[in-house]
Enquirer: 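Structure in structure tokens, see below.
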Amino acid sequence: MKKLFLFLILALCLPMTSQPVMADDENPAIEKEVKVDVDEIKLRSPLEIEQAVMEYMLAFEAYQSARKSSDPEVRGKMVQYMKQYREAYARFLDMMREDNLYEPQKPKNPAGRYNRKHMKQKGSKRQWRATAARQTREKVKKMVEAGASPEAIKATIKESLPAAPMSVDPMDAAGLGQSPAGGPGTGFTRPGDDDDDDDKTTSKTGSNLDSKIPYKPKPIDGPSGSHHPHKPKH
Amino acid sequence: MSMYRLFKNYRGRAAFTMVEIMVGATILAVIGGMVAHWFVMQRQYQKRILAISDAQQNIRQASWNMIQELRTARNLIYPRLNADKSIRSDTKTIFKNFSGDIVCYFHDAATGQIRRCLIPNGPGAPVVDKKPVGSGIDKVAFTAHDIGNRLVGIYLESSGTVGLESVYLLNE
Amino acid sequence: MIRRGLSLSEIIIALAIAVMVMVPVTSMFSTSGQQVQKSRNFSFAAGLARRISQHLMAMPFENIVEVPLPGLAMHDSPDDVFFNPLLNFSTSQSGVKKITASDMPALYGFLAQNDFKYALSVSNVSFGAGDEIKSISILITWKEAGRNMIYRTHVYVSSV
Amino acid sequence: MLKKLRQYESTRKGVAMVMVIGLVAIMMPVIFMLSRIGGSQTQLAIKYHENLVAETVAFSGSNAGLSRLQGNIRGYQDLPDETSGEEKFSLNLRPTGAGFFGQTLYFLLTRARIKTHNYIMMAEAEQFKPEPSPPVLVISRDYWNTVEPYEISLMADVLSMQNYRGMELLRLEETRTFERKSTEQQYKSEMDSKKSSLPAPLQTDWDSIVTALVNEKLSE
């Protein structure tokens with residue numbers, strides 16, 4: 001009974017706190033140039049991914065709050081906060097690399113690639129929830145300002161990570177009696193529709209994105225003598 | 001009239017006379033002396049100007065080379081604020097660059113050069129770049145200004161000309 | 001006809017031409033000297049402005065405040081986040097060097113002679129509904145051969 | 001009398017010729033030296049100065065762009081050039097895809113050009129979806145710069161930049177993995193082993209540097 005009650009609460013509250021987006025709003029011009037082997041992509045549990053994103057986002061919030069603080073004590077912890085953010089982000093990138101959702105030399109579009117595979121495997125795209133975890137962000141911010149230790153912040157972030165997937169598989173949702181666009185009365189909207197149109201860039205031809213040899217334009221006469229400041233020295 | 005005479009008549013002469021040369025040389029000596037004096041004065045002025053110009057050039061070049069890499073670096077490893085949170089300067093700086101490798105700029109007072117050493121953040125031996133990032137630099141100070149290790153002040157002095165730069169390391 | 005050679009007047013004309021050629025060359029040379037001095041000051045000022053812009057990125061957002069004209073001098077001035085203290089080769093506060101006649105005579109002399117000053121003009125701008133972005137004009141002023149010079153650059157610093 | 005005068009005249013002529021030859025011999029090198037000194041020095045000075053100014057303008061422009069994105073303004077493709085002080089910069093926003101919270105992933109390209117000097121700053125960032133009250137969270141990471149004369153509005157050029165940057169990111173992945181996969185002890189001994197091959201000025205402080213490196217080593 002309790003479980004059912006909890007489930008109902010979750011089912012009702014989650015859509016209210018977060019909004020679904022179709023996270024495959026790819027840049028068509030870039031996507032055209034990037035070869036993605038859909039079969040290579042692994043579909044990891046969405047919860048694991050969402051937790052990883054939430055973790056680096058909150059860790060960044062903590063770092064950023066410390067950076068903007070004028071309290072020397074708080075600022076003193078900046079380095080540890082940054083380390084935590086970098087670690088959290090590195091974990092996320094690792095996950096993406098493992099699942100073939102990201103390659104360093106290609107434009108990033110992890111959710112879009114995930115959905116390609118999802119589409120191929122399950123016939124539909126997964127609906128990701130747009131949430132910036134506002135309340136948790138505020139909480140982390142306040143804790144940092146109050147001088148909490150980086151360990152305490154890390155623990156709080158871990159505790160605040162979602163326990164159930166925030167995104168929805170339309171097929172599962174349909175099975176549960178929810179329409180892909182959200183159940184009645186949940187206030188589902190499609191916010192991705194109203195502000196993503198400007199993401200589309202005009203298509204220009206010519207690319208070598210998939211070739212490992214970089215396109216080398218004519219060097220300009222730079223005074224440093226090198227036409228590229230950070231040419232890898234390795 | 002022979003051809004020679006004709007020529008001599010036409011030209012009027014075959015060479016300068018002693019008197020001509022002496023008078024000419026005297027006047028030239030006076031003019032030459034004035035020019036030489038003026039020239040020496042100008043050379044001294046030029047040397048001063050050139051020294052300033054060279055110094056500026058050295059400072060700009062060193063700044064430009066270092067700023068470009070530092071701007072996209074990840075964090076400063078050395079120097080760092082003192083225990084009492086006061087700023088700290090040194091003649092070298094060490095940081096993690098865009099690729100996460102360890103880079104050091106150090107001043108070699110004997111040659112007046114700033115050299116770059118790349119220390120792989122992983123297996124591999126350190127390599128000092130053949131070309132210096134700066135030359136003709138008399139004094140260098142890299143100063144840590146920020147507790148977050150992302151702001152480094154650069155003081156460069158070359159023949160009395162000073163450059164005061166700072167770089168904020170942009171990469172989160 | 002008897003060829004008389006060059007007359008004195010011809011020589012004078014020739015010399016006059018020579019002088020006319022020389023004068024622009026020498027004046028060009030002395031202007032290039034002035035140019036070098038000028039470019040030293042200008043480039044130094046640009047460096048100062050860059051330095052300030054970088055320090056603004058690292059300092060707490062709320063501490064970014066207006067420094068009204070005529071601005072603050074860098075020498076003999078109280079501690080600020082940009083220039084004083086400037087160096088410290090020791091491991092404690094006691095060893096800090098400021099831009100004073102005793103700590104850094106050469107730099108002090110140069111700054112004092114040209115009367116270098118900086119001013120900041122800060123305004124909150126809102127690109128969206130937020131009001132968390134500061135738009136900062138950095139002004140460096142100095143005196144050069146009796147003239148007031150100015151170098152200006154502009155940066156945005158956001159609180160987020 | 002006439003003969004005397006003619007002789008005198010020819011003497012004057014000789015003097016004049018010697019003077020002309022002499023003056024040319026003195027003046028030419030002087031003029032040559034003077035012209036040589038002024039030009040090249042000032043030109044070089046201007047070159048570096050312009051380079052540094054271009055860099056400053058691009059930096060400022062990039063900040064302006066990200067600030068705008070924090071204020072939730074998008075669509076930089078069509079923005080007119082803006083200025084920082086007296087110098088122009090141009091911005092270009094290039095979304096590359098979406099993140100799992102529907103955040104937009106993109107490159108913000110800023111270019112400042114002063115005469116032939118070019119400076120481009122490429123910032124990779126992600127902008128979380130707008131909340132009821134902006135400014136929104138923008139995580140900007142991995143700034144990268146180049147002096148190549150790329151056109152930031154051309155897809156091919158942007159992809160080339162991405163490609164160059166990608167090579168450096170691959171190296172970043174290696175260094176990051178090395179830090180994460182090695183234990184503190186392994187990492188420390190690798191760093192310690194480099195001490196002997198370091199230039200002398202680095203050796204003195206290397207132990208304390210290794211301590212800092214180990215403290216900040218990324219872990220799993």
Side-chain angles (χ1 to χ4, degrees), chain B residues 12-13 16-17 19-21 23-25 27-28 31-32 35-36 38-39 42-43 46 49-50 53-54 56-57 60-61 63-64 67-68 71-72 74-75 77-80 90-92 94 96 98-102 104 106-108 115 117 119-126 128 168 170-172, chain D residues 10-19 21-23 26-27 30 33-34 37 41-42 44-45 47-49 51-52 55 59 62 119 121 123 139-145 147 165 168-179 182 190-191 194 197-199 201-202 205 208-209 212-213 216:
Chain B
R13 62 179 61 250
F16 299 121
T17 65
V19 179
E20 285 167 3
I21 290 172
V23 175
I27 299 171
L28 268 180
I31 295 174
V35 169
W38 172 82
F39 186 70
Q42 282 296 326
R43 280 298 293 167
Q46 272 170 25
I49 292 298
L50 272 184
S53 177
D54 279 347
Q56 275 188 74
Q57 192 64 0
R60 285 193 192 103
Q61 184 167 18
S63 301
W64 170 247
I67 287 176
Q68 275 213 91
R71 170 84 73 231
T72 58
R74 291 179 187 273
N75 62 325
I77 296 159
Y78 186 89
R80 287 192 168 174
D90 203 285
T91 57
K92 61 176 174 287
I94 297 167
K96 271 189 193 161
F98 182 86
S99 306
D101 280 312
I102 302 153
C104 175
F106 61 98
H107 185 232
D108 180 9
R115 309 296 300 246
C117 177
I119 306 153
N121 191 8
V128 178
Y168 180 76
L170 277 173
N171 277 318
E172 306 285 4
Chain D
S10 64
T11 309
R12 276 198 326 184
K13 185 176 154 194
V15 170
M17 282 180 78
V18 171
M19 273 181 68
I21 293 165
L23 278 175
I26 294 170
M27 289 309 190
V30 172
M33 284 199 72
L34 288 180
I37 289 156
Q41 284 295 320
T42 341
L44 261 174
K47 202 168 182 175
Y48 271 110
H49 178 75
N51 237 322
L52 281 163
E55 192 257 12
F59 162 79
S62 183
Y119 196 90
M121 200 166 261
I139 300 183
S140 54
R141 65 173 75 86
D142 284 344
Y143 287 84
W144 186 86
N145 59 32
V147 291
R165 179 179 161 279
E168 292 179 11
L169 280 182
L170 284 168
R171 174 64 191 155
L172 174 65
E173 210 172 59
E174 277 176 42
T175 58
R176 210 158 36 188
T177 308
F178 178 77
E179 281 189 25
S182 39
E190 178 60 49
M191 291 300 140
K194 296 179 199 288
S197 38
L198 285 169
L202 269 86
D205 293 294
S208 69
I209 290 160
L213 284 169
E216 281 154 41

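Each chain gets a letter, A, B and so on, in the order the sequences are listed, and its residues count up from 1.
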Enquirer: So do D/Leu172 and B/Phe98 actually touch side chain to side chain, heavy atoms under 4.5 Å?
Expert: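 No, side chains not in contact.
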Enquirer: Heavy atoms only, distances under 4.5 angstrom: which of B/Gly24, B/Pro123, B/Cys104, B/Cys117 has the most pairs with chain D? Name it, please.
Expert: B/Pro123
Enquirer: Between B/Asn171 and D/Asp142, is there a donor-acceptor pair closer than 3.5 Å when you use the side chain of the first and the backbone of the second?
Expert: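 Yes; judged by distance alone, with no hydrogens or angles, the pair exists.
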Enquirer: State, yes or no, whether a side-chain contact exists between B/Leu170 and D/Met121 at a heavy-atom distance under 4.5 Å.
Expert: yes
Enquirer: Would you mind checking which part of D/Pro199 comes under 4.5 Å of any heavy atom in chain B, side chain (CB onward), backbone (N, CA, C, O), both or neither?
Expert: side chain
Enquirer: Do the side chains of B/Gln57 and D/His49 get nearer than 4.5 Å, heavy atoms only?
Expert: no
Enquirer: Under 4.5 Å heavy-atom distance to chain B, tell me which part of D/Glu179 shows up: side chain, backbone, both or neither.
Expert: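 D/Glu179 touches chain B through side-chain heavy atoms alone.
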Enquirer: Can a salt bridge be assigned to the pair D/Glu216 and B/Arg80 using a cut-off of 4.0 Å between side-chain N and carboxylate O?
Expert: yes
Enquirer: Okay, side chain of D/Thr175, backbone of B/Ser99: is any donor-acceptor separation there less than 3.5 Å?
Expert: yes
Enquirer: Between D/Ser62, D/Ala123, D/Ser140, which shows the greatest number of heavy-atom pairs under 4.5 Å with chain B?
Expert: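 Result: the option with the highest number of such pairs is D/Ser140.
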Enquirer: If we only count heavy atoms from C-beta on, is the D/Phe59 to B/Arg71 side-chain gap below 4.5 Å?
Expert: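 A side-chain contact under 4.5 Å exists here.
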Enquirer: Who among D/Arg176, D/Met191, D/Glu190, D/Glu174 has the most heavy-atom pairs with chain B under 4.5 Å?
Expert: D/Glu190
Enquirer: Can any side-chain N or O of D/Lys194 pair as donor or acceptor with the backbone N or O of B/Gly124 at less than 3.5 Å?
Expert: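 It does hold such a pair.
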Enquirer: Taking side chain as everything from C-beta outward and backbone as N, CA, C, O, which of these in B/Asp108 sits under 4.5 Å from a heavy atom of chain D? Side chain, backbone, both or neither.
Expert: neither
Enquirer: Measure the OH-OH distance between B/Tyr168 and D/Tyr143 for me, rounded to the nearest 0.5 Å.
Expert: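 Between B/Tyr168 OH and D/Tyr143 OH, I get 8.5 Å after rounding to 0.5 Å.
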Enquirer: Relative to chain D, which of B/Ala36, B/Gly122, B/Ala125 shows the most heavy atom pairs under 4.5 Å?
Expert: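 Of the candidates given, the most pairs with chain D belong to B/Gly122.
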Enquirer: Any donor and acceptor pair, going by atom type alone, linking the side chain of B/Lys92 with main-chain N or O of D/Leu202 inside 3.5 Å?
Expert: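 Here the side-chain-to-backbone pair does not exist.
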Enquirer: Does the side chain of B/Ile67 reach to within under 4.5 Å of the side chain of D/Leu52, using non-hydrogen atoms?
Expert: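 Answer yes - side chains close enough.
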Enquirer: Is D/Leu169 in contact with chain B via its backbone, its side chain, both, or neither, using a 4.5 Å heavy-atom distance?
Expert: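 Both backbone and side chain.
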Enquirer: Assess whether side chain to side chain contact (heavy atoms under 4.5 Å, CB included) is satisfied between B/Tyr78 and D/Leu213, documenting all intermediate values.
Expert: CA-CA 10 Å; B/Tyr78 186 89; D/Leu213 284 169; over 6 Å; no
